[in-house]
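Side-chain atoms are counted along with the backbone in the values below, which use heavy atoms only and exclude waters and symmetry mates. Just so we're on the same page: letters track the sequence lines, and every chain starts at 1.
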There are 2 protein chains.
Amino acid sequence: MKKLIICFLSFAICGQILAQETKTFEAGQDKIKLKFMLNAEGRPIYSLYFAGKTIIEPSSLGMELVNDSSFNRQFEIIGTEKKLVDEQWNPIWGEVRSIKNKYEQLTVQLKQKNVPNRLMNLVFRVFEEGLGFRYEFPKQPGLKYFIVGNELTQFNLTGDHKAFWIPGDYDTNEYSYTTSALSRVDAWEVQKKATDIAVRVVPDQYAVQTPLMLKTANGLYINIHEAAQINYPAMQLHVNRQNFSLSAHLVPDALGNKAYLHAPFNTPWRTILAADNAKSILESKMILNLNEPSVITNTDWIKPMKYVGVWWEMQTGKASWSYADDPDQLSADGNLIPSGKHGANTQNVKRYIDFAAKNGIDGVLVEGWNTGWEDWFGNWKEEVFDFVTPYPDFDLQGISDYAKSKGVKMIMHNETSGSATNYERQLDTAFKLMNTYGYPAVKTGYVGKIIPRGEHHDGQWMVNHYERVAQKAAAHKIMVDVHEPNRPTGLHRTYPNWMASEAARGNEYNAFSDGNHPDHETILPFTRLMGGPMDYTPGIFKLKGYASYAPNRQVHTTLAKQLALYVTLYSPLQMAADLPENYEAKMDAFQFIKDVAIDWDDTKIIEAEPGDYLTIARKAKGTENWFIGAITDEQARVGTIALNFLKKGTKYMAKVYRDADDASWKNNPEAYKIEQYPVTSASVLKLKLAEGGGAAISIIAVQ
Amino acid sequence: MKKLIICFLSFAICGQILAQETKTFEAGQDKIKLKFMLNAEGRPIYSLYFAGKTIIEPSSLGMELVNDSSFNRQFEIIGTEKKLVDEQWNPIWGEVRSIKNKYEQLTVQLKQKNVPNRLMNLVFRVFEEGLGFRYEFPKQPGLKYFIVGNELTQFNLTGDHKAFWIPGDYDTNEYSYTTSALSRVDAWEVQKKATDIAVRVVPDQYAVQTPLMLKTANGLYINIHEAAQINYPAMQLHVNRQNFSLSAHLVPDALGNKAYLHAPFNTPWRTILAADNAKSILESKMILNLNEPSVITNTDWIKPMKYVGVWWEMQTGKASWSYADDPDQLSADGNLIPSGKHGANTQNVKRYIDFAAKNGIDGVLVEGWNTGWEDWFGNWKEEVFDFVTPYPDFDLQGISDYAKSKGVKMIMHNETSGSATNYERQLDTAFKLMNTYGYPAVKTGYVGKIIPRGEHHDGQWMVNHYERVAQKAAAHKIMVDVHEPNRPTGLHRTYPNWMASEAARGNEYNAFSDGNHPDHETILPFTRLMGGPMDYTPGIFKLKGYASYAPNRQVHTTLAKQLALYVTLYSPLQMAADLPENYEAKMDAFQFIKDVAIDWDDTKIIEAEPGDYLTIARKAKGTENWFIGAITDEQARVGTIALNFLKKGTKYMAKVYRDADDASWKNNPEAYKIEQYPVTSASVLKLKLAEGGGAAISIIAVQ
């Protein structure tokens with residue numbers, strides 16, 4: 001149900017007054033104020049203020065078209081419009097049951113004075129927590145089909161803020177975060193060292209990815225990203241290290257063009273959040289609000305899921321995705337020679353199904369079930385997978401039947417190896433297969449250089465591809481979990497079957513590389529997750545000695561922190577990523593994964609500081625039960641959690657999964673302690689988190 | 001049935017002798033001799049001779065890989081192999097019933113002396129009429145996946161030959177031919193003037209397209225092209241205007257790369273035909289012989305067709321492809337507003353079906369039947385057509401039923417507007433629709449710049465696309481006729497459902513532009529048609545005053561020449577391109593189109609000179625009937641046709657459709673005369689052809 005109140009509507013008429021180009025327009029909500037003007041050259045200029053302090057210094061806006069660099073000046077204002085929107089809406093699934101969407105909108109209608117007198121509208125939405133703005137190109141005689149050469153959006157910052165950043169890579173978001181002053185941003189230095197990422201394309205030494213999390217010297221938190229990235233490339237940010245001006249850097253196609261557009265067209269929203277505390281950044285639903293409502297009318301089939309999968313055993317080298325070692329060595333009768341290490345064999349898959357059934361886990365993902373894995377990666381090869389042919393030891397029908405008999409859902413895996421053209425050719429058959437065998441969800445993957453060759457993971461063509469896949473999936477009533485796409489921008493509001501994406505450095509790096517820093521998961525919610533759920537694949541219990549080829553490798557968290565991630569890293573698809581045998585050895589701890597919800601009525605950010613710590617409490621959908629996750633970086637700390645969000649007068653039983661007193665990520669990661677005691681809304685918990693540690697708490701209403 | 005005789009097989013062992021790099025290998029057949037050697041640098045060098053005269057001076061061979069330019073030297077010979085093949089095979093359809101495939105093959109196995117000691121085989125097949133050679137990259141440790149930067153094949157000619165050429169355009173073959181000395185080749189000059197071709201991309205000022213037809217000062221005819229172009233870009237030829245060396249110029253992708261390959265791989269065959277008379281060039285089946293046999297086992301459903309179509313009325317401006325004039329002007333209920341000019345309306349289509357049924361024409365093509373034509377062209381727009389949604393005035397089911405009741409086949413039309421990615425996404429539904437409604441054939445089209453953007457019509461990716469479409473069509477038992485693809489290289493042997501292509505300047509240019517020169521159709525058989533059948537769409541009867549928007553426009557042939565083209569321009573799909581009403585006004589002349597065969601047991605080239613004249617006689621499949629076409633350029637001439645190919649002792653009735661005595665393409669193009677008289681194998685016909693004129697003859701056995 002949508003409640004729309006337009007409180008105020010004005011339409012300023014163009015004329016003498018508007019021709020005074022220094023006239024300033026303002027819009028505001030609570031502490032956030034926007035100012036807009038045209039300068040003497042007719043360039044659009046905006047600035048942004050938080051509680052009277054400047055967040056964005058006057059910054060220019062505009063576009064550069066291919067073969068025409070003049071679409072950013074010589075404008076005059078031909079109209080303005082203001083309105084106030086205050087409405088509520090309910091997501092299909094999410095962190096809260098109901099979302100307030102309240103903003104003041106200022107639309108500035110611009111026209112160029114020179115022929116062909118092109119029109120461009122700038123639309124600003126000022127929320128209580130920040131600003132979203134976009135370019136709109138109305139239907140007009142002077143601009144029909146056009147190609148964007150560059151977007152000229154600036155974000156002129158006020159100082160050398162602390163930044164949590166990854167390089168502006170066109171093809172991957174899987175870097176570790178660097179925390180540095182803006183003046184120290186050097187994307188190439190980071191790129192060079194990130195040898196655990198196969199494809200790295202960073203043409204601009206000073207470009208960073210969004211969401212970019214910033215903290216000013218005077219304690220303000222700023223987050224810059226975008227919302228509703230549709231039919232448009234990802235916006236990265238070029239950092240001017242001298243004057244701290246950020247400018248839009250769009251991911252190009254093979255020809256260097258940024259976007260092929262057809263008026264009428266609206267760009268994605270450029271978003272700026274500002275707050276005097278870090279919690280407010282995480283509480284914001286502005287990016288979701290800037291996305292369009294669901295285009296899927298019947299959403300009954302969309303259901304958040306917990307899942308296990310034949311996956312971590314491949315990541316850690318215990319098993320292989322491929323059936324054979326060498327695609328060219330065939331048996332006398334022309335078949336692949338099995339290596340004996342193939343993970344996705346029927347017997348092993350049934351073991352996961354049994355484990356899921358026994359423990360109330362909804363689904364089982366199986367990677368490496370289909371032919372092609374012997375020679376799938378790194379050769380820019382167009383035709384690798386057909387997405388329908390199982391290996392001989394994977395009994396597709398038998399497994400489907402078995403899972404069904406056990407009440408477990410199978411999750412399909414479609415790795416494309418970056419060959420999007422090949423995937424698009426097979427989409428019809430791939431989704432038909434999922435329907436035939438009753439798979440309700442698919443995990444897709446885009447490892448490697450993109451085909452069409454010269455396109456990038458984050459460019460307009462691939463952005464359209466991911467959307468097409470989500471649409472086709474919706475048509476087949478399939479949920480999607482996209483690995484290696486562009487980073488999300490809230491499109492799960494519009495496509496609620498687009499459950500999660502990877503698009504960041506996941507837990508898997510702890511398996512095949514030196515892993516993730518202890519502060520990694522304290523940064524992700526402020527960066528990557530601002531745009532939408534991440535399939536981080538938490539829940540590793542065996543934290544040392546799991547990688548057969550690297551015996552000293554270890555995860556950089558404690559076990560209790562792995563549990564906490566189910567709350568702190570929101571996703572409606574949550575994997576229990578470790579092997580069944582590792583869970584079976586610690587079923588008391590696994591109880592939290594069994595219990596924790598994946599869809600929520602409410603969310604409270606208790607404590608938060610990017611790069612340092614994070615504590616979140618969430619209320620499970622349709623219940624009075626709460627789940628809390630608290631994590632810290634490499635520093636031990638005591639978390640303080642006042643349970644004042646609990647229902648007054650209700651009695652609860654808290655079960656606390658915490659680091660043992662002698663735990664630390666480095667020396668004793670698997671040491672945990674489980675305690676149980678009654679709590680009420682008057683309780684205040686003090687939780688000691690180990691170095692790289694955390695705590696997970698279930699609070700169940702008992703009356 | 002295939003009769004294979006390997007007469008001779010030798011395997012030279014590598015060793016001391018082969019290390020003598022100046023050793024020359026020879027292979028030959030009749031008048032054609034090949035010489036091969038490695039020079040002192042270890043570069044492969046070949047030369048070619050016709051009847052003792054040099055055709056190709058010593059010319060080097062090799063490859064340049066991306067990031068490695070050394071794959072053309074430092075070779076040593078590690079083995080050679082020679083064999084003689086003499087076999088016969090029967091095409092599914094074609095110009096002759098049976099084809100002799102006789103050649104001597106020399107395989108030279110090369111290995112680079114430097115690490116990684118890459119292997120490359122050169123395979124030469126010397127036929128009686130010319131040479132085919134290709135590069136083979138065997139499976140090897142030092143070369144697995146690789147990217148071709150340039151192919152270094154040379155064709156060093158002996159002089160400033162006369163050339164029949166079009167520019168080396170990456171996206172179109174639809175130029176008028178220029179006849180000039182090689183030293184006068186200037187592709188840019190031609191490109192600049194060819195404003196009737198929308199997309200023209202000619203980066204190399206001195207590159208020409210193949211097939212390149214040459215004539216030497218001493219009367220030798222040379223034709224250079226390629227065969228079996230699979231998974232590899234088109235080879236154009238860079239002309240050195242000083243020394244008459246031609247060098248391979250491969251069409252690149254968006255990144256400038258030429259081909260992404262995976263060993264083992266064989267390139268297409270590079271072909272050189274040589275003869276002392278023009279007829280022998282046309283008689284050659286070498287290019288077909290160099291293609292692989294059919295991969296389609298059941299070919300019963302593949303049947304040559306004559307067809308009419310709702311098409312010329314759009315080309316001439318009488319009707320439109322689109323249903324409405326403006327996609328943005330909609331009626332109150334949100335529908336397109338019909339312009340009243342839409343050609344593909346049910347009533348009009350039934351008129352064509354009636355005409356076809358009445359006159360024994362097999363099929364009816366309808367263009368503009370599906371939605372999208374209001375805004376389809378020229379904007380590099382990815383999603384134009386869906387290939388399944390008819391306009392409201394096109395009753396798909398009703399028309400199919402009606403055609404079926406009349407014994408007429410419908411031909412589908414799938415225009416992609418160059419958006420191959422969009423077409424590939426829809427292929428499954430598009431072909432399913434054809435099957436559902438019983439369409440046995442599809443005409444595809446690629447007008448405009450290609451998507452994936454940066455790819456070209458003639459590049460590797462699109463070459464693979466056309467092949468994929470042919471394969472998918474075969475899987476659905478659909479014949480294909482591809483407009484605006486790369487020029488053919490004989491793949492209709494391998495895919496006999498790939499009936500015809502356009503890939504040259506067709507008759508349509510007489511409708512929407514200043515048209516084709518009177519010599520155009522005398523050149524096409526020596527150039528474009530060397531690679532395979534062309535859907536030229538002959539048969540225009542109303543030769544002046546047909547273009548509503550250009551009243552003075554006229555076709556540059558006589559009517560009798562239009563008839564002759566059914567014989568001189570071979571295709572198993574032949575359109576009768578004019579309007580039914582124009583045929584109904586001249587049913588005596590239309591009789592030839594009704595009678596002429598489209599599949600042949602035998603073909604005799606009677607008289608031929610590229611750019612001047614051509615007379616061909618063909619024997620209709622399974623009969624004793626012959627059909628003759630004779631054409632001339634802008635010069636009137638008398639053709640002499642000795643009918644000694646007729647069966648001795650058989651009596652025939654000849655029906656001659658010739659230019660009236662006062663006919664000329666310019667002043668009196670529609671004046672024809674029909675004469676009928678008995679002939680035998682002893683008869684010699686003398687036929688006067690008008691300026692731009694021709695003659696068509698049916699010779700029916702009467703006893």
Exam field: side chain S339(B) to backbone D325(B), donor-acceptor pair closer than 3.5 Å: no
Do Y145(B) and D375(A) meet the criterion of a side-chain donor-acceptor pair at a distance under 3.5 Å? yes
Rounded to the nearest 0.5 Å, what separates atom CH2 in W373(B) from atom CG in N370(B)? 7.0 Å
Determine which residues belonging to residues 259-266 of chain A lie within contact range of chain B, meaning some heavy atom pair is under 4.5 Å apart, and list them by number or answer 'none'. Y260(A), H262(A)
Atom CG of D328(B) with >12 non-hydrogen neighbours under 6.0 angstrom: yes
Do NZ/NE/NH1/NH2 and the carboxylate oxygens of R118(B) and D68(B) come within less than 4.0 Å? yes
I need the L119(B) CG to N121(B) CG distance, nearest 0.5 Å. 7.0 Å
Against chain B, label L255(A) side chain, backbone, both or neither, depending on which of its atoms sit under 4.5 Å from a heavy atom there. side chain
Measuring from atom CZ of F387(A) to atom OG1 of T389(A), what distance do you get when rounded to the nearest 0.5 angstrom? 10.5 Å
Mark yes or no for whether T416(B), through its side chain, and G445(B), through its backbone, hold a donor-acceptor pair below 3.5 Å. yes
Heavy-atom distance under 4.5 Å to chain B: side chain of D253(A), backbone, both or neither? side chain
Measuring only between side-chain heavy atoms, which start at C-beta, is N497(B) closer than 4.5 Å to K477(B)? no
Choice from R425(A), E382(A), E424(A) maximising heavy atom contacts with chain B below 4.5 Å: R425(A)
Quick one: which residues of residues 450-469 of chain B reach chain A at under 4.5 angstrom, heavy atoms only? I451(B), P452(B), R453(B), G454(B), W461(B), R468(B)
Evaluate F146(A) against F137(A) for ring-ring contact (aromatic ring centres under 6.0 Å, His included), listing each step before the verdict. CA-CA 10 Å; F146(A) 58 107; F137(A) 307 101; 5.1 Å; yes
CD of E383(A) to OG of S419(A), rounded to nearest 0.5 Å, is 7.5 Å
Chain A contact via N422(B) - which portion, at a heavy-atom distance below 4.5 Å: neither
